[in-house]
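Notes for the one structure printed next.
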Amino acid sequence: GLGDTGHGWSEALAGIKSPHVKYICPHAFDIIGLSPDSREDEAGIKQAAENVKALIDQEVKNGIPSNRIILGGFSQGGALSLYTALTTQQKLAGVIALSCWLPLRTSFPQGIISGVNKEIPVLQCHGDCDPLVPLMFGSLTVEKLKSMINPANVTFRTYSGMMHSSCIEEMMDVKQFIDKHLPPVD
């Protein structure tokens, strides 16, 4: 989230960690006006996406193939994860997009994206009482995603009463998604 540190999410993920998975929780990149109702900071979003791609490249150099990497984030982090996955040439294992939207959505062509991630699995989650990023933004995003990538690979979960935050049920859905798309390798 905006101005967030990786520490909070590191603690949240501790409860669902699988021993064979490495979790990297970077601090938020400083992007101004990434909220869905503001004018979007196109340069900032693109720069932040490059920063994420550099993190992926570093892991690939460390011996982890990109198709064993899931991007995920909350709020602006989820928005950035979606944007990066849809614009990178690195084949990824999946995207977890929590309480977010697709930034620069008008910059994408109509129809299925070309590129390595047109079959990427996406778990998108949203609280139905979110006052900061209304559920409608999540719903519009999921429809846009289904027009860009294989719609069978897009899962949208909503949580009753959840505001702009997370909950146990959501974290269990995240764990299930990670376990499914990053099974242990021998």
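Since the model is a prediction, treat every value here as computed from it, not as a measurement. Counting from 1, the numbers follow the sequence of the chain as shown.
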Nearest heavy-atom neighbours spanning Ser75 and Val133 = OG-CG2, 4.3 Å

Rounded to the nearest 0.5 angstrom, the CE-CG distance for Met171 and Leu13 is 4.5 Å

Heavy-atom closest contact (Leu82 atom, Leu102 atom, distance) | CB-CD1, 4.0 Å

Contact check, side chains of Pro183 and Arg68, non-hydrogen atoms, under 4.5 Å | yes

Indicate yes or no: at least one non-hydrogen side-chain atom of Phe156 is less than 4.5 angstrom from one of Ser139.
-> yes

Shortest non-hydrogen contact between Ala93 and Ile70, atoms and distance | CB-CG1, 3.8 Å

Is it the case that one hydrophobic cluster holds both Val60 and Val185, taking links as side-chain heavy atoms less than 4.5 Å apart, direct or via other members?
-> no

Calculate, to the nearest 0.5 Å, the distance between atoms CG and CD1 belonging to Leu71 and Ile24 respectively.
-> 10.5 Å

Taking the side chain as every heavy atom from C-beta outward, state whether Phe137 and Asp130 have any pair of such atoms under 4.5 Å apart.
-> no

Close side-chain approach of Gln47 to Asn51, heavy-atom, < 4.5 Å | yes

Using the test ring pair (Phe, Tyr, Trp, His ring centres under 6.0 Å), find all partners of Phe108 that sit at least two apart in sequence or belong to another chain.
-> Tyr83

Should Thr87 and Lys53 be marked as a side-chain contact (heavy atoms from CB on, under 4.5 Å) after you check the CA-CA gap, both sets of side-chain angles, and the distance that decides it?
-> CA-CA 10 Å; Thr87 57; Lys53 291 171 190 175; 3.6 Å; yes

With distance as the sole test, does Tyr23 use its side chain to make a donor-acceptor pair with the main-chain N or O of Ser18 at under 3.5 Å?
-> yes

Does the side chain of Glu59 reach to within under 4.5 Å of the side chain of Ile56, using non-hydrogen atoms?
-> no

List the atom of Cys129, the atom of Gly161, and the distance in Å for their closest heavy-atom pair.
-> SG-CA, 3.7 Å

Angle class for the Phe74/Trp9 ring planes (parallel below 30°, perpendicular above 60°, tilted otherwise)?
-> tilted

For the residue pair Gln90 and Val116, establish whether any side-chain heavy-atom pair is separated by less than 4.5 Å.
-> no

Look at Glu42 together with Lys46 and state whether they make a salt bridge at an N to O cut-off of under 4.0 Å.
-> yes

Cluster check Met163, Leu132: I/L/V/M/F/W/Y, side chain < 4.5 angstrom | no

Output for pair (Glu170 CD, Lys175 NZ), nearest 0.5 Å, gives 15.5 Å

Do Met162 and Ile96 belong together in a cluster built from hydrophobic side chains that touch within less than 4.5 Å?
-> no

Heavy-atom donor-acceptor pair, Thr88 side chain to Thr84 backbone, under 3.5 Å = no

When rounded to the nearest 0.5 angstrom, what is the spacing between OG in Ser114 and CE in Met148?
-> 10.0 Å

Which atoms form the tightest heavy-atom contact between Pro184 and His20, and what is the distance?
-> N-NE2, 3.4 Å

For the student: nearest non-hydrogen atoms of Val95 and Ala85, plus distance | CG2-CB, 3.3 Å

Atom pair CD1 (Ile69) and CG (Leu182), whose distance is rounded to the nearest 0.5 Å = 9.0 Å

Going hydrophobic residue to hydrophobic residue with side-chain gaps under 4.5 angstrom, can you get from Leu98 over to Val21?
-> yes

Mind checking whether Ile120 and Lys91 have side chains closer than 4.5 Å, heavy atoms only?
-> no

Would Asp128 and Thr158 count as having a side-chain donor-acceptor pair, cut-off 3.5 Å?
-> no

Does any non-hydrogen side-chain atom of Leu145 lie less than 4.5 Å from one of Leu86?
-> yes

Among Leu92, Asn153, Val122, find the one that has a side-chain contact (heavy atoms from CB on, under 4.5 Å) with Asn117.
-> Leu92

Supply the atom-to-atom distance Leu135 CG to His126 NE2, rounded to the nearest 0.5 angstrom.
-> 5.5 Å

Could you tell me whether the side chain of Ser99 and the main chain of His164 form a donor-acceptor pair under 3.5 Å?
-> no

